[in-house]
Amino acid sequence: MLEIFGTQISLAPIWLTLEVAAMTTLVLLLLGTPLAWWMAQMRSSNKVLLEALVALPLVLPPTVLGFYLLIVFNPTGPVTEFLRFFGFEGQLTFSKTGLVIGSVFYSLPFAVQPLMHAFEAISHRLLDAAATMRASFLDRFFTIVVPLSQRGFLVAATLAFAHTVGEFGVVLMVGGNIPGETRMVSIDIFDHVESLEYDQAHILSAMMLIFSLAVLMTVYGLNRRFGVKVG
Amino acid sequence: MLEIFGTQISLAPIWLTLEVAAMTTLVLLLLGTPLAWWMAQMRSSNKVLLEALVALPLVLPPTVLGFYLLIVFNPTGPVTEFLRFFGFEGQLTFSKTGLVIGSVFYSLPFAVQPLMHAFEAISHRLLDAAATMRASFLDRFFTIVVPLSQRGFLVAATLAFAHTVGEFGVVLMVGGNIPGETRMVSIDIFDHVESLEYDQAHILSAMMLIFSLAVLMTVYGLNRRFGVKVG
Amino acid sequence: MKLGSQYSHPVTMQGNLQLKLGPFELDSGEFTLPLQGITVLFGRSGSGKSTLLRAISGLDKRTHGQLRVGEQIWQDGRRALPTERRHIGFVFQDAALFPHMNVRQNLNYAVKRLPKGVEPADFDEIVERVGIADKLDRRVTFLSGGERQRVAIARALLGRPELLCMDEPLSALDWRAKAELLTLIEEVVEAYRIPVLYITHAPAEVERLADRIVFMQEGRIESIETLQQALSRVDSPLFDEQGAVAVLEGEVQPIESGLRPVKLGEDTLWLSDSHEIHKSKVRVRVVARDVSLALSDPQSLSIINHLPGKIVELVPESEHRMLVRVALRDGQRLFAEVTTQSAQRLNLQVGLKLFVLIKSVALAE
Amino acid sequence: MKLGSQYSHPVTMQGNLQLKLGPFELDSGEFTLPLQGITVLFGRSGSGKSTLLRAISGLDKRTHGQLRVGEQIWQDGRRALPTERRHIGFVFQDAALFPHMNVRQNLNYAVKRLPKGVEPADFDEIVERVGIADKLDRRVTFLSGGERQRVAIARALLGRPELLCMDEPLSALDWRAKAELLTLIEEVVEAYRIPVLYITHAPAEVERLADRIVFMQEGRIESIETLQQALSRVDSPLFDEQGAVAVLEGEVQPIESGLRPVKLGEDTLWLSDSHEIHKSKVRVRVVARDVSLALSDPQSLSIINHLPGKIVELVPESEHRMLVRVALRDGQRLFAEVTTQSAQRLNLQVGLKLFVLIKSVALAE
Amino acid sequence: ETAKIAVAANFTKTIEAVGQAFEKETGHQVKFSFGPTGKLYAQIKNGAPFDAFFGADERRPKKTIEDGIGVADSYFVYAQGQIVLYSANLPVAEQPIEVLKAAQFNHLAVANPKTAPYGERAVAYLKSKGLYDGLKSKLVNGESIAHAFQYVATKNAEIGFVAMSQVVDPQSPVYQKGQYWVVPQADYQPINQGAIVTRRGEQNEAVKAFMKFIKSPQAIKIIKQFGYNVS
Ligand SMILES: Nc1ncnc2c1ncn2[C@@H]1O[C@H](COP(=O)(O)OP(=O)(O)OP(=O)(O)O)[C@@H](O)[C@H]1O
Ligand SMILES: Nc1ncnc2c1ncn2[C@@H]1O[C@H](COP(=O)(O)OP(=O)(O)OP(=O)(O)O)[C@@H](O)[C@H]1O
Ligand SMILES: [Mg+2]
Ligand SMILES: [Mg+2]
């Protein structure tokens, strides 16, 4: 609990939000990187189809997306059964795992797009040069592609993070708004608005905005100071 | 009214959604183009700050964003007064205008980012060449920049359109869910889910997905066939 | 400034331009340039040639200083006449064709934007002369480097510029394309009488084209000289690995038994280049190392160019080599490079009459 | 293939590669190439030189066909040994330095990835020889074009390649940088005895460097010839606007009164290039147009190179010009270009003994 | 023991007060998750870990029993909502019907009659009084009763049917501002808010204790304080 201007602010949702957003960002970078690389290598016709598919979650309202995720990840549903087969215990929905899965779906395009643009901009001759120096594919990827796509990773991470922080519909649907477990800041603000606690809502919103702006600017600032300027 | 598999589907929200999405896309292109151009010309330090600012609406949950829009747009508030000064009649909330303005805020980053990338990729020497042939700035913009940023405009338009179609929180908060005036498909689906009319919800969702995929692919396909391949 | 007015009497460009680009600073200093014929900007890489040309064209908004062309003020402090109102044409090193238009559309871009009252140039004639008549409907992305430059030149000409700027228009091309386009540029400049500012760092191009040369160094204009002035220095920046060079001007005669006679006063130089020449006056480039000296007119020798001349100067080049400047009978001068040994053996001295033997002579290109 | 094994007896590359790139089709045909010394790939722009070199290096996954180097199979149908296991070095036209690393990091990239058991090359020596010892901590984005290529060459050498591929490594450079780097490449190749595949379309580079030449045309290998074979044809593709050229090989002698004597058998050619030479054998490039013929040894003439020779062939070049092939006393041959008029005047005929006058002679570069 | 209870969003504040009293009294823990009733229902149906479900109406709690998720005989009505007509400027306290008849306002806010019982009752009331047709074009629908209230509180709608609980709350932004009129309970079907225990919570001691506690006079007093009726 934190007191600001005489108003009680519960901190648990804030920590949870940061944790979920961080995990989502991590998962998105891990999944999005190979996907974006693959898309960047494609010829234009398939690429646009894939781009369209990746952008498709955008079209569904998040609550509706959450509704379908709820149905798909139902504890007696096939996906959970499938995972259980591999030793997965527990439930996908109404847990942090569920929040992360939902957010990953929802923010996928924001991670994939900037990465793809960054990868497309890398000169293949640099990779060729590395190959002639006996660098294997993974070696080339980590020593050439990753450092040169720094800005793409940065944009992907910040967009994914920001979008997850501001995420509401999916999280509410898939998470269940359980205090201390799946109640994120966005839902908390909403609850405060619902119960006429506008002061808390205002303070929380302001905190999120200021915090996010601070994070964005620090990250961009660091990038600017230490980043590679290419081209 | 349309009957699919014995289920009544009201078409009005669909038309409204398409209309609002189209208008939002138009407004975003009109506003986003100069903003993106300006950002593309900037040196990197200010640019990242501006990029962060443009991305900021992402951090607020749409419902919360909508809540603040409700406060800002109230008919006796300064924004409405300001607009009234320019001859604007009526109210922003509970109107299509309000929906469009709300969606514009919400989707701004998705229009600005791809446009900025596209503009950055244009060789300034082409603009120089056009200037030596007596083309004024606007002339150069429309005859060189716009055709060469075709793909950026396409991505911006499709993302903005898709995001508006799937937009929920802001529209819900600001619109007033007036049938035929501000009830969009996303809210309609939500209402169906709320009142346990899952069949209608499924059918509407499927329609939106299929329609969106069709639109995206047609647009990308046309672009591929008639588009300019540069570089 | 009325279009065409400069054709009769040359307009003067007068200026003093500054432009700071990161660590680099262009500061031209006061300069005055008659806009007539071809003016070459010459200098080492990074000396600011491109920057100056862009400043003159108004393509860099950060320029300040003064620039006046004829009666018209192009730059005054930070206030600048926008490029689109300077009536210039620009040919860039990489052509800068619009990739979303075909060749004809690229050309028409210039034609459509001619100011009212300016008569369009003869489209067909220019296209024909530049040699792209059969490529008008091609996508520009499918053109070769030489073809692209031709289109760029045609496009610039169709804009009826009052000044044509060219920034290394040929440097990306191979020698064959280069040779063809040099001829084209020469012809075009002569035919349309447009003053040209031309950047190159190839001395051969300078010798072929230049009426005057603007030497640049570290962002400054060092000097503005005519070609003859520039070549008369022994340490001219125009001399490259081939060493000293002279350029002789002569009148072309009809071909005789496969050789092209070029009259230098009463004497004749025979060129082996037998390709067609449309001009009456040509420049001939003579490298000092290709020139031998003989005290008497030698016989039983396959060298055909033996010209009588007189030594006007002996310039030691190094311990063992020297340059001998020889005046021909019509007053034009050229260099011969000889070893000090030979000079002693032949007893070379100023005033000595002798024969200049030139083995290989080429039109300046 | 053990590292260094090819130094003693040359490995052979044998192959037949296909690669389709849009409208362009590379189909090398069967070829056999001893991997020793410098092999130049020569051909017009678009003939497929780069494509072939990339196919040989395994840089294009779409390649198919056969390729065997020594005992090792590099390509068999669609199966290909990945580039990183071919132990090649590659120097690209634009250097392809890693922009996020400084010079030292670029160099170490190669060193760190040497296979176990391969002894690293002497870093300091290579860096010194290539002339970048004082630039190791520079950001590569701040290097000039020539410096970039030096780093690229050093980087390739530090990878201890068993084959060095170079795709027009000098074409983006000006003549000064070009001359320096040509010397460097020559030295390096001699010092480290690495076989080289070298692409260029500059005949001067071919004449200077090539041990053998792979002529390419429209995606095919037309022929593989030694330099002498290639130059002995009158219509050699190596001849450019300067016309026919001969390359003479001779032994360098110490400088005498500012001139560099090069022994061709008993006769001596005097070069005016007096820069340092670290080799005993050099190639000298003689352009046919620079060669004059005299029936008797002429006196009172500043030309210092008078070599006795004998006409072995007369080749009409055009109606009015001919090439005269002359054998020197040590058997090496060169061309002289003369007008038909002169030929008649001097009564030139096969077997005629005469003197060859060479005004300007340069080391091939 | 801990009980996880899903509660309709309109009851957020009330049940938190009850919960605090309960925890003090019994030592058990309760965790409340809030959301729209339909969404909570969908979550419970898809395996959400809730031990009890407090809906905003009768229908959806009862449906869980039909679905076999709710314990058959656990259903009871824990509160009845009261509708009030609120306006900041119009004299609704003295002349409610006249104000509605005169219709000198642009917007009348109600909760969505399709999904929220407050809205449904309000519309039914208007119909029964013959006022509906005259006001139909001025109705704006809040997604929930809280949302309808926001329209009024932010002055986007001049007048609205809201919940008693929202105007009597001392934290409410309209507390002791403007006027309200309590719609006579006899004029509309009671808004029964029903609750059930889920099969999952059947054995949970905390749930049993809470269900008992909420029927206690102490709890009823709290509920009434917040503006609800308890029959
Ligand atoms: N936009 C820029 N920002 C910073 N420095 C620049 C910029 N443009 C050019 N320079 C620098 O200004 C200097 C002069 O450049 P400029 O292109 O005018 O030279 P140049 O004489 O045309 O050379 P070259 O013969 O290589 O074309 C160079 O050192 C270059 O690096
Ligand atoms: N990725 C590609 N896709 C399609 N065509 C290509 C591709 N790469 C090269 N080509 C075409 O293949 C042909 C041969 O190209 P290549 O680069 O091998 O020629 P080159 O002999 O190296 O020419 P240059 O001397 O100009 O470098 C050219 O016509 C070129 O346009
Ligand atoms: Mg330049
Ligand atoms: Mg090539």
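By convention in this document, chain letters (A, B, ...) are assigned in the order of the sequence lines, proteins followed by strands, and residues within each chain are numbered from 1.
Contact record, B:L126 with C:L97: CD2-O, 3.3 Å, taken as the closest heavy-atom pair. Here the closest heavy-atom approach between residue C:R160 and residue B:R134 is recorded as O-NH2, 3.6 Å. The nearest pair of heavy atoms linking B:A131 to C:L59 is CB-CD2, 4.5 Å. Residues C:A96 and B:A129 share a closest heavy-atom pair of O-CB, 4.0 Å.
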Check your understanding: Which is it for C:E84 and B:D139 under the side chain to side chain contact (heavy atoms under 4.5 Å, CB included) test, yes or no, and what are the steps along the way?
Key -> CA-CA 11 Å; C:E84 57 264 35; B:D139 188 354; over 6 Å; no
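Residue C:E128 qualifies as open at atom CD: its count of foreign heavy atoms under 6.0 Å is 12 or below. The neighbour count for C:R85 CZ, taken as heavy atoms of other residues, nucleotides or ligands under 6.0 Å away, does not exceed 12. No more than 12 heavy atoms of other residues, nucleotides or ligands shown are found within 6.0 angstrom of CZ on B:F105. Applying the 6.0 Å contact sphere to NZ of C:K61 captures more than 12 heavy atoms from other residues, nucleotides or ligands.
With hydrogens and angles ignored, the 3.5 Å screen pairs no side-chain donor or acceptor of C:R155 with any backbone N or O of B:M133.
For chain C, the nearby parts of B:T143 are the backbone and the side chain; heavy atoms of each come within less than 4.5 Å. Contact of C:F90 with chain B is made through backbone and side chain together, with heavy-atom distances under 4.5 Å.
Put simply, CD1 on B:I144 and OH on C:Y109 are 4.0 Å apart, with the number rounded to the nearest 0.5 Å.
For the pairing with B:T132, the side chain to side chain contact (heavy atoms under 4.5 Å, CB included) check across C:L164, C:T83, C:L163 returns one residue only, C:T83.
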